[in-house]
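Worksheet: the structure to be examined is printed underneath.
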Amino acid sequence: LFGSTTMAQRAWPKALVAASYQKPWPKALVRPADSGSIGMAAKRARLAEDITTLQPTQGASKSAKPEDLEPGVRVSYWDGRQGTVSDSWVRLDKFWIKDDSTQDVIRNQRQEVVEFRSAELRLIEPEFVEDAVAAGVVLIGVEKQMQEILQHFGPPSATKRRTPQQLLAVACLHSSPNLLTDVASQGVSDDVWNLARSLRRDVPMGIRISGFEQVIRRLGADLQRLERHFCMASVHVPWDWQSIADSKSEEEQHQRKEVWNQIDLCITAMGVYQGEPSMESAARRALSENCGVEVSDFLFDYEVQKRLRQELSIDIPVHLEDDNGTSIIAVILPEDTVTAKFRGMLCLSEASRGVASTPAVIQASAADNRVMVDGSNTIQPSREEAPIPLVTQDSAADEGEEIDGSKTVQGKTIAEWQAEQKQFDGEPKLPKGWLRIRSRTTDVVYYFNMYTSEATFKVPKLPLPSGWEEMKSRTTGQIYYFNRYSGVSSFERPAP
């Protein structure tokens with residue numbers, strides 16, 4: 001992957017970024033390390049100045065009771081500002097509030113934490129959405145997998161807002177909270193900075209890492225032991241004034257105007273969805289809709305994720321929650337993960353059998369070349385085709401082997417999928433034990449083994465009969481089959 005340079009010889013930079021060959025990235029950081037804090041510092045200063053003049057808001061709504069104000073509860077205070085209870089001392093009737101716009105605990109001009117009383121606060125009633133599931137996913141994988149995802153997602157638009165605007169692969173080795181500001185400043189492109197400023201010219205623009213940092217902290221210190229792995233992060237830009245005006249509710253308008261008004265570094269994908277039966281299905285939908293990536297049921301399986309962590313000798317949670325109550329699943333991709341593209345989606349599945357130092361950020365580009373920020377090396381992404389799984393004697397089903405028909409795949413049991421195989425009657429016959437499964441989120445059809453739980457996007461094939469070998473013509477490159485016992489050759493695959 002890195003040419004003749006060995007791991008021992010190579011000093012990894014803090015970031016990998018992709019660049020067009022016409023305009024290589026400079027050797028210096030894209031942004032000074034403290035540039036991301038300029039906007040937040042200005043907001044904090046204005047907020048501190050307001051503290052001496054603002055009075056508690058008087059209104060018809062009843063003030064909150066102390067017992068209502070648990071950490072995480074949404075409140076309004078002063079002249080209608082909004083925030084979240086950060087810490088509470090109910091018996092003392094004292095509360096710390098984290099402001100929505102700064103994402104910091106409110107402090108006065110002397111940088112002392114402001115202690116609120118319940119009479120100064122009013123509860124913000126959450127908007128009730130029936131059967132809504134808030135979920136997200138953070139993908140963790142090695143460089144080859146991150147490059148493929150970034151290349152599939154493409155470069156950030158310089159003129160049009162989208163969700164997310166850009167993807168960044170942050171090295172686990174450099175994911176400690178004290179390094180994230182530098183990493184984000186290095187990875188966010190100039191196009192994203194310029195677009196963000198044009199969308200909200202009324203506020204000083206900066207990078208806010210609190211959302212991603214919060215999840216990194218909860219994943220724990222073992223994450224930084226993954227020296228060859230990256231966490232995929234997403235970059236979000238502010239909403240424009242027209243989108244703010246078109247908000248469907250006051251709460252949505254507040255979120256778009258006062259909360260999402262900076263460049264935010266977040267987890268890979270997140271969203272709130274109705275009608276999803278589980279957190280995993282909602283997280284997969286977010287990953288599909290936001291990033292164009294589909295991950296197989298097998299890799300999302302809790303026991304599979306636990307086993308991968310055991311193999312890597314790390315202790316990081318599979319499931320966690322952020323301060324807003326969003327359920328998040330941390331998915332580690334095995335190094336032999338198979339990728340395939342189908343109907344505009346990048347599909348990730350496990351291989352047919354089984355599961356150095358790194359730069360700090362990888363960033364997508366329209367160019368095929370991947371150039372490090374210091375210009376010291378060029379990386380070409382792999383073009384390997386996903387292998388076709390072969391059904392061997394070990395993986396084939398025994399006549400007496402039982403199937404767990406209650407196992408759920410894509411929201412249906414194995415027994416239900418067996419009954420639905422009639423819809424694929426016109427397709428080639430599959431080896432015993434294999435089913436065609438249709439993804440609910442992308443309509444992609446893949447192949448699932450009822451006995452081994454293997455999944456793949458390539459059609460599984462039975463091994464050749466005894467004596468037959470698959471050969472490749474040296475002159476034409478065409479595949480043919482040769483029987484070493486009889487000397488017979490054929491372009492048609494022999495039946496088992």
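Remember, it's a predicted structure, so these values are computed and weren't measured experimentally. All residue numbers in this chain count up from 1 along the given sequence.
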### Query
What closest approach, in Å, do Tyr273 and Ala282 show between heavy atoms, and which atom pair accounts for it?
CE1-O, 3.6 Å
#### Entry: Closest contact, heavy atoms only, Met279 versus Ser327
CG-CB, 3.2 Å
### Query
In chain order, what residues pass the side-chain contact (heavy atoms from CB on, under 4.5 Å) check against Asn324, with sequence neighbours excluded?
Asp322, Thr326
### Query
Is the shortest heavy-atom distance from the side chain of Leu173 to the side chain of Leu226 under 4.5 Å?
no
### Query
Who pairs with Gln224 by side-chain hydrogen bond (donor to acceptor under 3.5 Å, both in side chains), at least two apart in sequence or on another chain?
none
### Query
Any side-chain heavy-atom pair from Pro164 and Val235 closer than 4.5 angstrom?
no
### Query
Can you tell me how far NE2 of His152 sits from CG of Leu346, rounded to the nearest 0.5 angstrom?
5.0 Å
### Summary
Closest non-hydrogen atoms of Leu430 and Pro460, given as atom of the first, atom of the second and distance, are CD2-CD, 4.2 Å
### Query
Partners of Ser296 by side-chain hydrogen bond (donor to acceptor under 3.5 Å, both in side chains), sequence neighbours excluded?
Glu350
### Message
Check this for me: does any side-chain nitrogen of one of Arg81 and Asp100 sit under 4.0 Å from a carboxylate oxygen of the other?
### Response
no
### Query
Which distance, rounded to the nearest 0.5 Å, do you find between the CG of Asp425 and the CD of Gln423?
9.5 Å
### Message
Please enumerate all residues that pass side-chain hydrogen bond (donor to acceptor under 3.5 Å, both in side chains) together with Gln242, with sequence neighbours excluded.
### Response
Asp246
### Task
Check whether any side-chain heavy atom of Ile437 lies under 4.5 Å from a side-chain heavy atom of Trp417, and answer yes or no.
yes
### Query
Can you list the residues that meet the side-chain hydrogen bond (donor to acceptor under 3.5 Å, both in side chains) rule with Asn178, with sequence neighbours excluded?
Ser176
### Query
How close do Gln166 and Leu168 get, heavy atom to heavy atom, and via which atoms?
NE2-CD2, 3.4 Å
### Task
For residues Val170 and Leu180, determine if any side-chain heavy atom of one lies less than 4.5 Å from a side-chain heavy atom of the other.
yes
### Message
Quick test of your reading of the model: are Glu148 and Lys144 salt-bridged, counting only N-O distances below 4.0 Å?
### Response
yes
### CD-CG distance between Gln145 and Leu150, expressed to the nearest 0.5 angstrom
11.5 Å
### Query
Atom CD1 of Ile332 and atom CD of Glu311: how far apart are they, to the nearest 0.5 Å?
10.0 Å
### Query
Do any N or O atoms from the side chain of Glu252 and from the backbone of Lys248 form a donor-acceptor pair under 3.5 angstrom?
yes
### Task
Please report the shortest heavy-atom distance between Asn290 and Phe153, naming the atom on each side.
O-CE1, 3.6 Å
### Task
Look only at the side chain of Gln421 and the backbone of Gln418, and say whether a donor-acceptor pair between them is shorter than 3.5 Å.
no
### Query
Side chains of Met146 and Leu167: closer than 4.5 Å at any heavy-atom pair?
no
### Message
For Trp239, does the six-membered ring have the charged nitrogen or CZ of Arg161 within the cation-pi criterion, i.e. under 6.0 angstrom from the centroid and within 45° of the normal?
### Response
yes
### Task
Could you go through the side chain to side chain contact (heavy atoms under 4.5 Å, CB included) check for Leu195 and Asp191 one step at a time?
CA-CA 6 Å; Leu195 177 62; Asp191 286 341; over 6 Å; no
### Task
Write down the atom of Pro71, the atom of Ser86, and the distance for their closest heavy-atom approach.
CB-O, 3.8 Å
### Charged tip of Arg200 within 45° of Trp260 ring normal and under 6.0 Å
no
### Message
Pairing donors with acceptors under 3.5 angstrom, does anything connect the side chains of Arg309 and Gln305?
### Response
yes
### Query
For Val137 and Ile267, what are the C-alpha separation, side-chain angles and deciding distance, and is it a side chain to side chain contact (heavy atoms under 4.5 Å, CB included)?
CA-CA 7 Å; Val137 59; Ile267 59 174; over 6 Å; no
### Query
Strictly by modelled atom types, are His254 and Gln82 linked by a side-chain donor-acceptor pair under 3.5 Å?
yes
### Spacing of SG belonging to Cys231 relative to CD1 belonging to Ile140, to within rounding of 0.5 Å
4.5 Å
### Task
Quick one: list whatever passes ring pair (Phe, Tyr, Trp, His ring centres under 6.0 Å) with Tyr302, sequence neighbours left out.
His319
#### Entry: For Glu427, salt bridge (charged side-chain N to carboxylate O under 4.0 Å, His left out) partners two or more places apart
none
### Task
Determine whether Val188 and Trp193 make a side-chain contact, defined as any pair of heavy atoms from C-beta on separated by less than 4.5 Å.
yes
### Message
Is a donor from one side chain sitting under 3.5 angstrom from an acceptor on the other, for Ser243 and Asp240?
### Response
yes
### Query
Does Ser249 offer a backbone N or O that forms a donor-acceptor pair with the side chain of Ser247 under 3.5 Å?
no
### Query
So, Arg218 and Glu321, do they make that salt bridge, N to O below 4.0 Å?
no
### Query
Glu213: what forms a salt bridge (charged side-chain N to carboxylate O under 4.0 Å, His left out) with it, not counting sequence neighbours?
Arg217
### Whether Gln165 side chain and Pro156 backbone form a donor-acceptor pair below 3.5 Å
no
### Query
Sub-3.5 Å donor-acceptor pair from the side chain of Asn194 to the main-chain atoms of Ala158, do we have one?
no
### Task
Answer yes when Glu276 and Arg285 have at least one side-chain N-carboxylate O distance shorter than 4.0 Å, and no when they do not.
yes
### Message
Once salt bridge (charged side-chain N to carboxylate O under 4.0 Å, His left out) is applied, do any residues pair with Arg436, and if so which ones, sequence neighbours excluded?
### Response
none
### Task
List for me each residue that meets side-chain contact (heavy atoms from CB on, under 4.5 Å) alongside Pro277, sequence neighbours excluded, and say none if there are none.
Ser281, Arg440
### Expected output: side-chain Glu143 to main-chain Arg228 donor-acceptor under 3.5 Å
no
### Message
Salt bridge check, Arg225 against Asp222: does any charged N sit closer than 4.0 Å to a carboxylate O?
### Response
yes
### Task
May I ask you to test the Leu265-Arg208 pair for a side-chain heavy-atom distance under 4.5 Å?
no
### Main-chain N/O of Met232 paired to Thr268 side chain as donor or acceptor, under 3.5 Å
yes
#### Entry: Check against side chain to side chain contact (heavy atoms under 4.5 Å, CB included), Asp323 and Gln214
CA-CA 8 Å; Asp323 284 348; Gln214 183 186 124; 3.2 Å; yes
### Ile149 vs Cys291 side-chain heavy atoms within contact, under 4.5 Å
no
#### Entry: Atom pair CD (Glu258) and CD1 (Ile244), whose distance is rounded to the nearest 0.5 Å
8.5 Å
### Task
Kindly write out the residues that satisfy side-chain contact (heavy atoms from CB on, under 4.5 Å) with Glu470, not counting sequence neighbours, or none if the list is empty.
Leu464, Ile479, Tyr481, Arg493
### Task
Applying side-chain contact (heavy atoms from CB on, under 4.5 Å), name anything that partners Ala196, two or more places apart in sequence or on another chain.
Met205, Val237, Pro238, Ile263
### Task
Begin with the C-alpha distance, continue with both residues' side-chain angles, and end with the deciding distance and a verdict on side chain to side chain contact (heavy atoms under 4.5 Å, CB included) for Asp202 and Trp241.
CA-CA 10 Å; Asp202 59 310; Trp241 284 105; 3.3 Å; yes
